[in-house]
Amino acid sequence: MVTFSHADDGTDEQAWANSGLAAIGELPLDPAELARMDFVVLAAHPDDESLGAGGLLARLTSAGAHVEVLLCSAGEASHPGSPTTTPQQLAAVRREEFAAAMAALGLADSWQFLDLPDSGLAQNRAVIAERLAEMISQRGAAEGGLVIVAPYRGDGHIDHDTLGAVAAEAAEAGSHGLLEYPIWYWLWATPEDTAWRNWNRLPLSPGEQRAKRAALHAHTSQLLPLSDQPGDEVLLSEQFLAHFSRPFEVFAWRPPVTGRRSARDAEAVFDALHRSTEDPWRYQDSWYEQRKRSLTLAALPEQKYDAGLEAGCSIGTLSEELAKRCGRFLAVDASGTAVASAAERLARYPGAEARQLTLPEQWPEGNFDLIVVSEMGYYLPAVELEELFSRISGSLSPGGTLLLCHWRHPVAGWELDGDTVHALARSQLRWPSASIYRERDFVLETFIAPDQRDA
């Protein structure tokens with residue numbers, strides 16, 4: 001547990017601005033995806049929701065998403081030494097401020113109050129978990145799943161940490177999504193801390209920024225002194241508030257799990273999909289696919305490779321370009337229909353072939369100095385993805401290139417998403433990274449296989 005006071009100067013916002021925070025990956029959720037999800041939002045105290053997630057809440061309202069907010073305490077302990085206002089009086093004031101903030105965010109009729117003691121959430125953890133379970137059970141089975149929005153579980157304030165931990169446990173148990181918003185972290189942490197580098201940025205429109213400001217300004221008891229007497233000073237300083245005037249918000253994001261299919265399931269699903277249409281993902285005419293393909297090819301650190309393997313080749317549009325850079329090339333896919341199309345494209349390249357294999361159970365023999373896994377990893381459950389990376393580790397020659405490229409949005413009906421696939425690859429392989437490119441829609445990363453003698 002970190003130790004800090006709201007009166008601390010803390011880390012200046014300019015330090016965060018200089019850290020590269022504004023360049024972290026964008027939260028991969030567009031308005032249509034948000035509208036298909038249900039959201040349960042947790043706030044330990046009035047103003048948490050506006051500081052950490054006001055812009056997000058404004059966006060959810062605009063998108064038409066179903067949102068329910070649970071305020072756990074009235075924040076009556078914010079001015080323990082006040083000579084003018086009792087905790088009971090302050091609780092009443094702060095509840096009114098919270099109601100005004102909810103109205104500013106379009107959620108006037110979408111919140112509940114749990115009425116637990118400020119700074120006492122740890123002692124009431126079971127009560128919070130029970131109410132959260134009730135709220136989750138009352139939500140419908142949204143097409144995009146349910147997402148819990150809560151304070152970052154390592155925020156440093158005992159109430160925030162408790163609420164974040166309860167949210168994380170509920171999300172894990174129910175395979176729900178989880179968005180964690182940091183607040184006090186920006187005060188006590190520094191850019192040298194590594195946690196924020198794996199978080200996601202939500203750019204806010206001018207309208208969302210205005211809604212956030214309006215909600216935040218509703219909390220006047222925290223922004224202005226209660227009186228001119230000692231003990232009634234401003235709680236949230238201008239220096240601290242600068243962290244929340246950014247044109248973006250930051251969240252730790254874990255998407256909901258909406259399915260747990262296996263590689264064998266993928267074989268049946270994609271074979272049927274490829275039989276129904278010649279080019280199910282519009283590889284040939286989609287600008288997104290053309291652009292991503294060009295970036296993928298440009299990311300390869302070597303101009304030529306002796307032997308290449310593409311896992312999940314689909315109809316072979318990328319395969320054809322990879323074959324031009326490989327002396328020997330093998331494209332594999334679980335769908336026999338897709339492999340037939342890929343084989344036609346590769347027929348003109350003497351060293352190239354396409355083969356139907358269900359990875360990772362079936363794996364080609366031999367070694368490769370290039371392996372490409374593009375838009376395929378999240379169609380495997382975590383245990384099979386682990387096996388896939390083990391297979392890759394045993395087949396990629398020392399100094400060889402592993403390229404991963406995956407869509408970052410939630411993948412309906414499957415267990416993982418693109419960011420998780422890449423995180424698991426880094427954790428399991430621990431190989432040097434040659435490059436990484438991340439935008440809202442996809443992440444593209446290359447690794448270099450080490451010489452096992454030096455490992």
Side-chain angles (χ1 to χ4, degrees), residues 25-36 63 143-144 200 203 255 258-259 261 266-267 269-300 308-326 329 331-349 352 354 356 359 370-380 403-414 416-422 435-446:
E26 188 174 334
L27 187 68
L29 294 171
D30 59 36
E33 289 168 323
L34 295 173
R36 292 194 293 269
E143 179 186 350
N200 288 272
T258 56
R261 294 166 169 167
E267 179 180 352
V269 169
F270 294 119
D271 215 24
L273 184 62
H274 283 97
R275 284 197 299 269
S276 67
T277 178
E278 182 179 339
D279 186 359
W281 285 281
R282 298 179 55 221
Y283 288 122
Q284 300 173 86
D285 60 9
S286 162
W287 171 240
Y288 166 79
E289 291 294 343
Q290 294 174 26
R291 175 173 167 271
K292 183 184 65 176
R293 193 157 55 245
S294 295
L295 288 168
T296 297
L297 295 166
L300 295 176
L309 168 66
E310 182 187 8
C313 66
S314 187
I315 61 174
T317 47
L318 176 61
S319 311
E320 187 171 6
E321 298 301 324
L322 292 172
K324 297 175 183 177
R325 295 175 62 170
C326 297
F329 180 74
V332 304
D333 199 280
S335 166
T337 305
V339 166
S341 296
E344 290 184 14
R345 283 187 165 83
L346 295 176
R348 72 188 73 178
Y349 304 100
Q356 183 181 7
L359 305 180
L370 170 65
I371 297 179
V372 175
V373 182
S374 180
E375 308 286 18
M376 179 264 188
Y378 37 59
Y379 295 128
L380 301 175
L403 184 145
L404 304 179
C405 183
H406 290 87
W407 175 250
R408 296 187 61 233
H409 296 253
V411 186
W414 304 90
L416 304 177
D417 70 322
D419 284 339
T420 303
V421 169
H422 286 238
S435 66
I436 183 168
Y437 171 79
R438 183 188 290 108
E439 59 181 58
R440 189 184 72 169
D441 291 330
F442 68 92
V443 54
L444 171 64
E445 193 165 5
T446 56

*Asks:* State which residue, out of Lys292, Lys324, Glu321, fulfils the side-chain contact (heavy atoms from CB on, under 4.5 Å) condition with Leu297.
*Replies:*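 It is Glu321, the one option of Lys292, Lys324, Glu321 that forms the side-chain contact (heavy atoms from CB on, under 4.5 Å) with Leu297.
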*Asks:* Which value, rounded to the nearest 0.5 Å, describes the distance between Arg345 atom CZ and Cys313 atom SG?
*Replies:*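 Here the interatomic distance stands at 10.5 Å.
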*Asks:* Mind checking the NE2-CG spacing from His422 to Asp417? Nearest 0.5 Å is all I need.
*Replies:*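 So the gap between those two atoms works out to 9.5 Å.
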*Asks:* Hey, does Thr317 have a side-chain heavy atom less than 4.5 Å from the side chain of Arg293?
*Replies:*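 They are in side-chain contact.
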*Asks:* Provide the closest heavy-atom pair for Ala35 versus Ala63 in the form atom of the first, atom of the second, distance.
*Replies:*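 The answer is CB-O, 3.4 Å.
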*Asks:* Taking C-beta and beyond as the side chain, do Leu416 and Leu380 meet within less than 4.5 Å on heavy atoms?
*Replies:*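 A side-chain contact under 4.5 Å is absent here.
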*Asks:* Distance from Tyr378 atom OH to Asp419 atom CG, nearest 0.5 Å?
*Replies:*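 Nearest 0.5 Å value for the OH-CG distance: 11.0 Å.
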*Asks:* Side chains of Val372 and Leu370: closer than 4.5 Å at any heavy-atom pair?
*Replies:*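 Sidechains of Leu370 and Val372: in contact.
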*Asks:* Does some side-chain heavy atom of Ser319 sit less than 4.5 Å from a side-chain heavy atom of Leu346?
*Replies:*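 They are in contact (side-chain heavy atoms under 4.5 Å apart), so the answer is yes.
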*Asks:* Using 0.5 Å steps for rounding, measure from the OG atom of Ser435 to the CG atom of Leu403.
*Replies:*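 Spacing of OG (Ser435) from CG (Leu403) equals 7.5 Å.
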*Asks:* Determine, stepwise, if the pair Arg438 / Glu445 fulfils salt bridge (charged side-chain N to carboxylate O under 4.0 Å, His left out).
*Replies:* CA-CA 8 Å; Arg438 183 188 290 108; Glu445 193 165 5; 5.6 Å; no
*Asks:* Can Arg291 and Glu439 be counted as an ion pair, charged N to O under 4.0 angstrom?
*Replies:*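 Salt bridge present between Arg291 and Glu439.
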*Asks:* Do Val443 and Tyr437 have side chains that approach each other closer than 4.5 Å (heavy atoms only, starting at C-beta)?
*Replies:*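 Result no, sub-4.5 Å side-chain heavy-atom pair not found.
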*Asks:* Look up atom SG in Cys326 and atom CD in Glu310, then write down how far apart they are to the nearest 0.5 Å.
*Replies:*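 That separation rounds to 10.0 Å.
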*Asks:* Working to the nearest 0.5 Å, report the span between CG of Leu404 and CG of Leu444.
*Replies:*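 Separation between the atoms: 9.0 Å.
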*Asks:* Establish, yes or no, whether a centroid distance under 6.0 Å links the rings of His406 and Phe442.
*Replies:*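 No, too far apart.
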*Asks:* Picking from Asn200, Leu29, Asp441, what satisfies side-chain contact (heavy atoms from CB on, under 4.5 Å) with Arg408?
*Replies:*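 Of all the options given, the one that passes is Asn200.
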